[in-house]
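Heads up, the thing below is written out as structure tokens.
Nothing here was measured: the structure is a model prediction, and the numbers come from that model. Numbers here simply count residues along the sequence, with the first being 1.
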Amino acid sequence: MYVLISIPISILIGYLIRKYIAEAKIQTAEEEAKKILEDASRDAESKQREIILEAKETAHKIKEEVDKENQRRRNELQRLENRLMHKEESLDRRTETIERKEQSIRDKENYLNNLEKEIIALKEKEIKTLEQISKFTENEAKEFLFKKVEEELEYEFAKLIKEKEIKLKEEAEKKGREIISLAIQKCAADHVAETTISVVSLPNDEMKGRIIGREGRNIRTLENLTGIDLIIDDTPEAVVISGFDPIRREVARIALEKLISDGRIHPARIEEMVEKARNELEAHIKELGEQATFDAGVHGLHNELVKLLGRLQFRTSYGQNVLQHSLEVSYLAGIMAAELGADVTLAKRGGLLHDIGKAVDHEVEGPHIKIGVDLARKYGESEKVIHCIEAHHGDIEFNSIEAVLVSAADAISAARPGARRETLESYIKRLEELEKIATGYKGVENAYAIQAGRELRVIVESEEIDDITASKMARDLSRDIENNLDYPGQIKVVVIRETRSVEYAK
């Protein structure tokens with residue numbers, strides 16, 4: 001019974017306890033929810049305040065930037081406004097200046113118009129006065145003046161034409177002498193007879209008839225094949241071979257000697273012997289070129305240049321053998337280069353090849369320097385060697401010491417006494433005449449012929465001769481020398497005027 005009663009009570013108590021616990025949990029949950037809501041509300045309000053503050057700060061910054069931009073634009077507008085004001089003021093000033101100038105011009109124009117009227121009136125008055133004094137009308141006076149001026153102009157024109165004629169004549173004579181000199185040098189026409197002929201001895205005078213042949217066919221064949229002239233009747237038991245080309249002359253000499261030795265002389269045999277003579281001479285020329293390169297110590301030349309060097313053995317200039325001259329220039333240039341510490345090999349090579357153009361200048365048009373430059377470039381010589389060839393007569397500016405040495409060696413070899421066909425007596429006489437021409441001028445203190453007569457150095461009195469007169473004296477001297485003296489090459493005339501101031505310290 002007690003148990004039955006206690007069970008429902010226990011259940012009821014348990015229910016009440018659970019209810020109380022549930023209500024307590026609910027209350028606690030509500031409080032926590034309320035607290036969460038309150039916290040959330042506070043956080044939201046805080047976030048809202050922060051957002052509002054950030055928005056206000058952003059708005060403030062934007063406002064400041066806008067204010068700054070507005071201020072900058074206002075400043076810019078103010079600056080532009082100031083510039084415009086200055087320009088307007090400047091334009092106003094310019095306008096005023098222009099107006100003043102225009103007014104001044106108008107005033108001057110009025111003044112000039114009035115002055116012109118006065119001048120016209122005075123001119124008319126003067127013309128009338130002059131007509132009364134001269135008893136000439138205006139037209140008659142004009143005609144008289146025109147005639148007078150025409151006469152004076154005719155005289156001046158005649159004088160000018162005469163001066164031009166004299167100048168052109170002098171230039172034409174000078175140019176003509178240069179052209180003739182070049183032609184003489186290329187054709188060797190100024191050489192003495194022994195440099196243009198060869199003599200072949202005959203065993204007897206009967207051989208002359210065999211050389212001439214029936215109706216002259218043998219001699220014609222030989223002359224046509226070699227391009228030389230045979231002179232038979234002038235010298236007993238000898239045939240004279242005449243020709244300006246030494247190589248052709250040598251071919252004819254060798255062929256004729258072979259024909260005389262063989263005894264069989266007829267056109268076919270002549271052709272055969274001439275061909276053999278050419279082959280032998282070509283081999284001999286090559287040997288001469290090789291020997292020249294060996295003697296000069298110059299190696300590595302192209303075979304064609306070696307052959308051309310050999311041909312120089314049969315070429316002369318003013319009686320001087322060109323191959324020997326080239327070897328001499330090579331030796332001299334090499335010695336000077338060694339003394340000065342320059343390139344000895346280059347100097348010797350340039351000296352040996354400096355006149356290589358003379359080997360073919362009978363067949364090729366142009367001066368031997370240009371021909372030599374073209375040949376050296378064609379056969380692979382260096383630009384330094386080519387420059388030595390091109391500059392050895394001083395026609396262009398030197399760009400290396402070796403080129404200067406080659407030019408100096410060429411002058412030394414060509415100008416030394418005995419190098420060319422000129423006796424010592426005539427050489428000394430020419431130098432004396434050269435100095436005598438210079439000392440004959442007024443104001444000349446001393447005159448010296450130097451560099452074997454290639455340069456005349458004249459010292460004048462500085463008190464009597466000024467710079468302009470000295471320059472004129474140099475020109476006059478060069479013309480006197482050209483007109484009154486025979487000489488090879490060219491002579492440089494140098495007039496020296498020196499002023500000295502001397503004081504003594506006591």
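- Using a 4.0 Å cut-off between charged side-chain N and carboxylate O, R377 and E383 make a salt bridge.
- The residues K61 and E65 are annotated as not salt-bridged, no charged nitrogen and carboxylate oxygen being separated by less than 4.0 angstrom.
- A salt bridge links E76 with R79; the closest basic N to acidic carboxylate O contact falls under 4.0 Å.
- In summary, of the residues considered (V406, T293, V385), a side chain to side chain contact (heavy atoms under 4.5 Å, CB included) with R349 occurs for V385 alone.
- What you find for A409 and L332 is that their closest heavy atoms are CB-CB, 3.7 Å.
- A donor atom on one side chain and an acceptor atom on the other are not found under 3.5 Å apart for D107 and S104.
- A salt bridge is absent between K378 and D374: the closest approach of a Lys/Arg side-chain nitrogen to an acidic carboxylate oxygen does not fall below 4.0 angstrom.
- Atom CD of E402 is separated from atom CG of L340 by 9.5 Å, given to the nearest 0.5 angstrom.
- Just one residue in the list L301, L288, V322 forms a side chain to side chain contact (heavy atoms under 4.5 Å, CB included) with L309, and that residue is L301.
- Distance OG1/T439 to CD1/I459: 13.0 Å, rounded to 0.5 Å.
- Side-chain atoms of N303 and Y379 include no donor-acceptor pair closer than 3.5 Å.
- Between H354 and H393, a ring centre-to-centre spacing not shorter than 6.0 Å is recorded.
- Between the side chains of E118 and N114, no donor N or O sits under 3.5 Å from an acceptor N or O.
- Side chains of T97 and R93: no donor on one and acceptor on the other come within 3.5 Å.
- Taking a cutoff of 4.0 Å between a charged side-chain nitrogen and a carboxylate oxygen, E455 and R457 qualify as a salt bridge.
- Few gaps surround CD on E50; more than 12 heavy atoms of other groups in view lie less than 6.0 Å from it.
- Contacts of Q71 classified as side-chain contact (heavy atoms from CB on, under 4.5 Å), with partners at least two apart in sequence or in another chain: R74, N75.
- Between E433 and K436 there is no salt bridge, since no side-chain N of the basic residue sits under 4.0 Å from a carboxylate O of the acidic one.
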Check the pair H392, H368 against ring pair (Phe, Tyr, Trp, His ring centres under 6.0 Å), reporting the backbone distance first and the verdict last. CA-CA 11 Å; H392 79 268; H368 75 277; 5.6 Å; yes

For a salt bridge (charged side-chain N to carboxylate O under 4.0 Å, His left out) check, start with the C-alpha distance between R72 and E69, then their side-chain angles and the critical distance, and finish with the verdict. CA-CA 5 Å; R72 187 185 65 77; E69 181 66 21; 2.5 Å; yes

